[in-house]
Amino acid sequence: MMECSVRYMRRCFDLARLGKGFVSPNPPVGALLVYDDEIIGEGFHKSWGGQHAEVEAIQSVPEHLRPLIPKSTLYVSLEPCCIHGKTPPCINLILDQGIKSVVVSAIDQTPGVRGRGLSVLREHGVEVHQGVLEAEGRWLVRFRNKWATTGRPWVIAKFARSKDGFMGLLDRQVWISNALSFRLVHRWRHEVDAIMVATNTALIDNPRLTTRLWFGCSPRRVILDRQGRLPHHLHVFDGQVPTIVITERAQCFRTLPVQTIQLDFGTRFWPSLLDQLGTMGITSLLVEGGSRLLYSLVESNCWDEARVFESPMVLGKGVRAPSFSGRVVQSLSLGDNTLTIWHNFKPGC
Ligand code: AOF
Ligand code: ZN
């Protein structure tokens, strides 16, 4: 039984992942209906405001199999919701359909849910089993659960480092990672709500920060320009994507199609910034550079995850990559690059 649960939950995760990048600020969720060890329905949350995974899974059951629904087990990667948001509570549908067995991976930390979805189901006689592949299930909804509990986005520090530990040169752009890594970064751009760079990166690299090498949407751009130094012809000010400028001199950006946030650049910089971005509905932030920004992020201990590419290139000099401690979540090869994903399980802000 346990072995089957794991297999079915893995399928829920695979389904859930198909929604990444389209559902924020909701989490990606996948669901299955299983009768007598056969999947009779499956679905996932496809877009924000759209139907939840459980609804999709139940609706997908073909007409001739519908009488089996009350005798089936519902597998869901996240606790079914019990609140009226954009859609009615999923627990009502589960009870209306007469489903008597539900298997869940992670808890939904949204206020008003947080285990109540499961307890209401239990009160109505449903057999609930929670915690299957829980670490993976939690990881899948980490953006939503952090935002729901702290009001702040999940922060991902991303950088590439050379074999000898440098992340770049001081004065010009240098490509450390390879083409596969570059494409993967575009996929990540599609999956996050916002992407951030500081003044020097915007100036030296003149990036667009859009999603071009992957399908899907571009994230909001967050540009740090304390003194309003950036020239207005840069790609990041082209108005193609909603853009937020963090500055002490908002007046410098009056004529541009951007939103400004006036912020104190003192010691509380990162917590205040994350609070502000959270109130704008940003649940995840990918910090792409430059080096000073990444150093200050690591020093503040406000990062949650680090994605580090390592290349065989030897730079010999330049800006040292920051060091940090965390738990390795994943490590994989991308051609001659290695990607390591770290989780900061003791964030300090
Ligand atoms: C589920 N199944 O597939 C998803 C859930 O009404 P909304 O769309 O605004 O949803 C708000 C709540 O639903 C919130 O608790 C969120 O975490 C959860 N998302 N829940 O049962 C799903 N995507
Ligand atoms: Zn729901």
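Fair warning: this is a prediction, and the values are worked out from it, not measured in the lab. Just follow the structure's listing: the first ligand is 1, and inside any ligand the first atom is 1.
In terms of protein heavy-atom proximity, atom 19 (N) of ligand 1 is closest to N26 OD1, 3.4 Å. Among all protein heavy atoms, the one lying closest to atom 23 (N) of ligand 1 is H45 CD2, 3.2 Å. Shortest contact from atom 4 (C) of ligand 1 to any protein heavy atom: V29 CG2, 3.5 Å. Atom 21 (O) of ligand 1 has its closest protein heavy atom at E54 OE2, 2.6 Å. In this structure, the protein non-hydrogen atom closest to atom 14 (C) of ligand 1 is R144 NH2, 3.4 Å. The protein heavy atom nearest to atom 20 (N) of ligand 1 is H52 ND1, 3.4 Å. When only non-hydrogen protein atoms are considered, atom 9 (O) of ligand 1 lies nearest to K86 N, 3.2 Å.
Remark: the backbone N or O of V61 is paired with a side-chain donor or acceptor of R66 at under 3.5 angstrom. Between the side chain of Y8 and the backbone N or O of D37 there is at least one donor-acceptor pair closer than 3.5 Å. No side-chain donor-acceptor contact under 3.5 Å links R161 to the backbone of A321. For S218 (side chain) and T211 (main-chain N/O), a donor-acceptor pair under 3.5 Å exists by modelled atom type.
Aromatic pair H190/F22: centroids less than 6.0 angstrom apart. For H186 and F182, the ring centers sit closer than 6.0 Å to each other. The aromatic ring centres of F159 and W303 sit 6.0 Å or more apart.
Which parts of ligand 1 touch V113 is read off a 4.0 Å heavy-atom cut-off, strictly below it: atoms 15 (O). Close contacts between ligand 1 and P80 involve ligand atoms 21 (O) [criterion: under 4.0 Å to a heavy atom].
With a 4.0 Å heavy-atom cut-off, ligand 1 is reached by the backbone of A53 and by its side chain too. Contacts between P27 and ligand 1, counted as non-hydrogen atom pairs separated by less than 4.0 Å, involve both the backbone and the side chain.
In terms of N/O distances under 3.5 Å, ligand 1 is approached by C81.
Classified by interplanar angle (parallel below 30°, tilted 30° to 60°, perpendicular above 60°), the ring pair W154/F143 is tilted.
When V104, T110, D108 are checked for heavy-atom proximity to atom 18 (C) of ligand 1, D108 turns out nearest.
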Full working for side-chain hydrogen bond (donor to acceptor under 3.5 Å, both in side chains) between D225 and T247 = CA-CA 5 Å; D225 186 10; T247 183; 5.8 Å; no
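The N, O or S atom of H52 with the smallest distance to the Zn ion (ligand 2) is ND1.
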